[in-house]
J.: 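Starting off with a structure, shown below.
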Amino acid sequence: MLMNRFTAARTWAAKSLATLLAGFVLAAGMPSLALAQAPAASAPAAAAAPAPAAAPAEMNKVEQQAVENPFGLKAAWASGDWVAKGTLIIMVIMSMGSWYIIFTKLFESRSMMKSAKASSDTFWKASSVKAGVGTLEEGSAFRFIAEQGIKASDHHEGTMVEAIDKHTWIGMSMDRAVGNVQSRLTDGLAFLATVGSTAPFVGLFGTVWGIYNALVKIGISGQASIDKVAGPVGEALIMTAIGLAVAVPAVIGYNWLIRRNKAIMDETRAFAGDLQNVLLLGKR
C-alpha cells in the first residue's frame with residue numbers, strides 16, 4: 001500500500017510538472033498576452049508572498065503556548081484564595097505523612113523479620129532462656145518478650161500475684177508482651193487508613209471550591225468563551241487529581257503493611273508460645 005501511494009505521488013508530480021512546462025511554453029509563444037497579464041498576476045503574487053513567512057510564526061506561537069501552560073498547578077496556586085491554598089497544603093501534609101509512615105514501618109518490619117530469623121537460629125540453641133536472651137538483638141521485639149517472660153517467672157513467688165498460679169501468670173505476661181509488640185506494629189496505620197479514605201474528598205472539596213470561584217469570576221467578567229471557562233475549571237480539577245495521588249499510595253501501603261504485620265505476628269506468637277512452655281518447665 002505504501003509503494004502504491006508513493007507511485008501515485010510521483011505520477012501526480014510528473015503530471016503537474018508537465019502542465020507547468022506547457023504553460024511556460026505557451027506563455028513564451030505569446031509575448032503580448034504574457035505582458036498583458038503580468039501586471040495583473042504580480043498583485044496576487046505580492047499578496048501571497050508573506051504567506052510562507054506567516055506559517056512559521058503561527059507554528060512558533062502554537063509551540064510557545066504548548067510549553068508555557070497558563071493553566072497549570074503554578075497558576076492554580078497563584079490565583080487561588082486561602083481556602084484553595086489551605087486545601088492543597090493539607091493534602092501535601094497528608095502525602096508526606098503517609099510516605100513517612102510507609103517507609104518507617106517497612107524498616108521496622110524488616111528488622112523484626114531479621115530478629116525472627118535470628119531467634120530461630122541462635123536463641124533456641126542456647127542452654128537456657130537467659131543465655132538465649134544475650135544472643136538476641138538489643139531492643140528487638142523478641143528480646144522484649146523473652147525478658148518479660150523471665151521477669152514474670154522470677155517475680156511470681158512472694159508477691160500479691162502469688163495467688164495466681166504460675167502457669168496463668170506467665171501466660172498473662174506473655175500475652176501482654178505480644179500485645180505491646182502488636183500495638184507498636186500498628187502505630188500509624190490508622191493515619192494511613194484516614195488518608196486513604198478522606199484524601200479524595202478533600203481534593204473534591206478543593207475542586208468544588210475552585211469551580212465556584214471560577215464561575216463567579218466568569219460571571220463578573222461577562223465572558224463565557226472556551227478559554228475563559230476551560231482554564232479555571234481545569235485548575236480546579238487539579239485538586240481532584242492531587243487527592244487521588246495522595247489516597248492511592250496510602251491505601252496500597254496500608255493493605256501491604258497489614259499483610260506484613262500479620263506474618264510478623266504469627267512468628268511472634270509462635271515464639272511467645274514456645275517460650276512460655278520452656279519457662280513453665282523451669283529452664284530459665
Side-chain angles (χ1 to χ4, degrees), residues 69 71-118 137-145 148 175-214 231-269 271-272:
N69 184 13
F71 305 116
L73 182 60
K74 183 177 180 181
W77 174 265
S79 61
D81 57 359
W82 63 272
V83 176
K85 292 181 180 179
T87 303
L88 184 60
I89 291 173
I90 290 173
M91 288 191 291
V92 170
I93 294 174
M94 293 169 72
S95 178
M96 293 175 62
S98 299
W99 285 110
Y100 173 78
I101 291 174
I102 289 172
F103 283 111
T104 302
K105 291 301 176 181
L106 173 62
F107 177 78
E108 185 176 346
S109 62
R110 289 183 62 184
S111 177
M112 289 195 64
M113 288 182 177
K114 183 179 178 181
S115 299
K117 183 178 180 181
E137 183 181 357
E138 185 71 26
S140 66
F142 290 90
R143 180 160 183 164
F144 170 75
I145 293 174
Q148 291 298 314
D175 289 341
R176 283 195 294 267
V178 172
N180 290 333
V181 173
Q182 185 175 9
S183 177
R184 180 180 175 182
L185 279 177
T186 56
D187 286 343
L189 296 185
F191 181 84
L192 290 180
T194 303
V195 171
S197 60
T198 60
F201 298 101
V202 175
L204 184 60
F205 169 77
T207 297
V208 172
W209 187 263
I211 292 176
Y212 165 74
N213 290 333
V233 172
E235 293 175 5
L237 291 175
I238 293 176
M239 292 293 186
T240 301
I242 295 175
L244 294 175
V246 173
V248 170
V251 173
I252 294 176
Y254 174 82
N255 294 328
W256 181 50
L257 290 174
I258 286 291
R259 183 177 180 181
R260 289 176 66 92
N261 290 348
K262 182 180 181 300
I264 293 172
M265 289 309 302
D266 290 341
E267 294 285 342
T268 304
R269 291 190 182 94
F271 175 81

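Residue numbers start at 1 and run along the sequence shown.
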J.: How far does CD1 of I145 sit from CZ of R269, to the nearest 0.5 angstrom?
T.: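 The CD1 atom of I145 sits 10.0 Å away from the CZ atom of R269.
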J.: Could you tell me which residues satisfy salt bridge (charged side-chain N to carboxylate O under 4.0 Å, His left out) with R176, sequence neighbours excluded, listed by chain and number?
T.: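 Here no residue qualifies.
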J.: Is a donor on one side and an acceptor on the other found under 3.5 Å between the side chain of S183 and the backbone of G179?
T.: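 Between the backbone of G179 and the side chain of S183 there is no qualifying donor-acceptor contact (under 3.5 Å).
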J.: Cut-off 3.5 Å, no hydrogens considered: what does the side-chain donor-acceptor table look like for residues 244-258, sequence neighbours left out?
T.:
unit_1: N255; atom_1: ND2; unit_2: V251; atom_2: O; d: 3.3

J.: If only atom types and distance count, is the side chain of T87 paired as donor or acceptor with the main-chain N or O of V83 below 3.5 Å?
T.: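 Judged by distance alone, yes, a pair lies under 3.5 Å.
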J.: Give a yes or no on this: more than 12 heavy atoms of other residues, nucleotides or ligands lie within 6.0 Å of atom CE of M96.
T.: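 No - once you tally the heavy atoms of other residues, nucleotides and ligands closer than 6.0 Å, there are 12 at most.
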J.: Quick check for you: to the nearest 0.5 Å, what is the distance between N180 atom CG and Q148 atom CD?
T.: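 One finds 7.5 Å between CG of N180 and CD of Q148.
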J.: Flag the pair N261 / Q182 as yes when at least one side-chain heavy-atom distance between them is below 4.5 Å, and no otherwise.
T.: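 No; the side chains remain at least 4.5 Å from each other.
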J.: Side-chain contact, heavy-atom cut-off 4.5 Å: L106 with R260?
T.: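 SC-SC contact between L106 and R260 confirmed.
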J.: Within this structure, what is the CD1-CG distance for the pair I242 and L237, rounded to the nearest 0.5 Å?
T.: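 Reported value, rounded in 0.5 Å steps: 11.5 Å.
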J.: Identify whether the distance between the nearest side-chain nitrogen and carboxylate oxygen of R143 and E137 falls below 4.0 Å.
T.: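 No, R143 and E137 are not salt-bridged.
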J.: Looking only at heavy atoms, what is the nearest atom pair of F191 and S98, with distance?
T.: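 Reported closest heavy-atom pair: CE2-N, 3.6 Å.
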J.: Report the distance from atom OG1 of T194 to atom CE of M94, rounding to the nearest 0.5 Å.
T.: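 Nearest 0.5 Å value for the OG1-CE distance: 8.0 Å.
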J.: Applying side-chain contact (heavy atoms from CB on, under 4.5 Å) between I264 and each of M112, E108, R259, report the one that passes.
T.: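 Of the listed residues M112, E108, R259, the side-chain contact (heavy atoms from CB on, under 4.5 Å) partner of I264 is M112.
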J.: Check whether T207 reaches the backbone of T240 with its side chain - one donor and one acceptor, N or O, closer than 3.5 Å.
T.: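 It does hold such a pair.
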J.: Do M239 and M91 have side chains that approach each other closer than 4.5 Å (heavy atoms only, starting at C-beta)?
T.: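 They are in side-chain contact.
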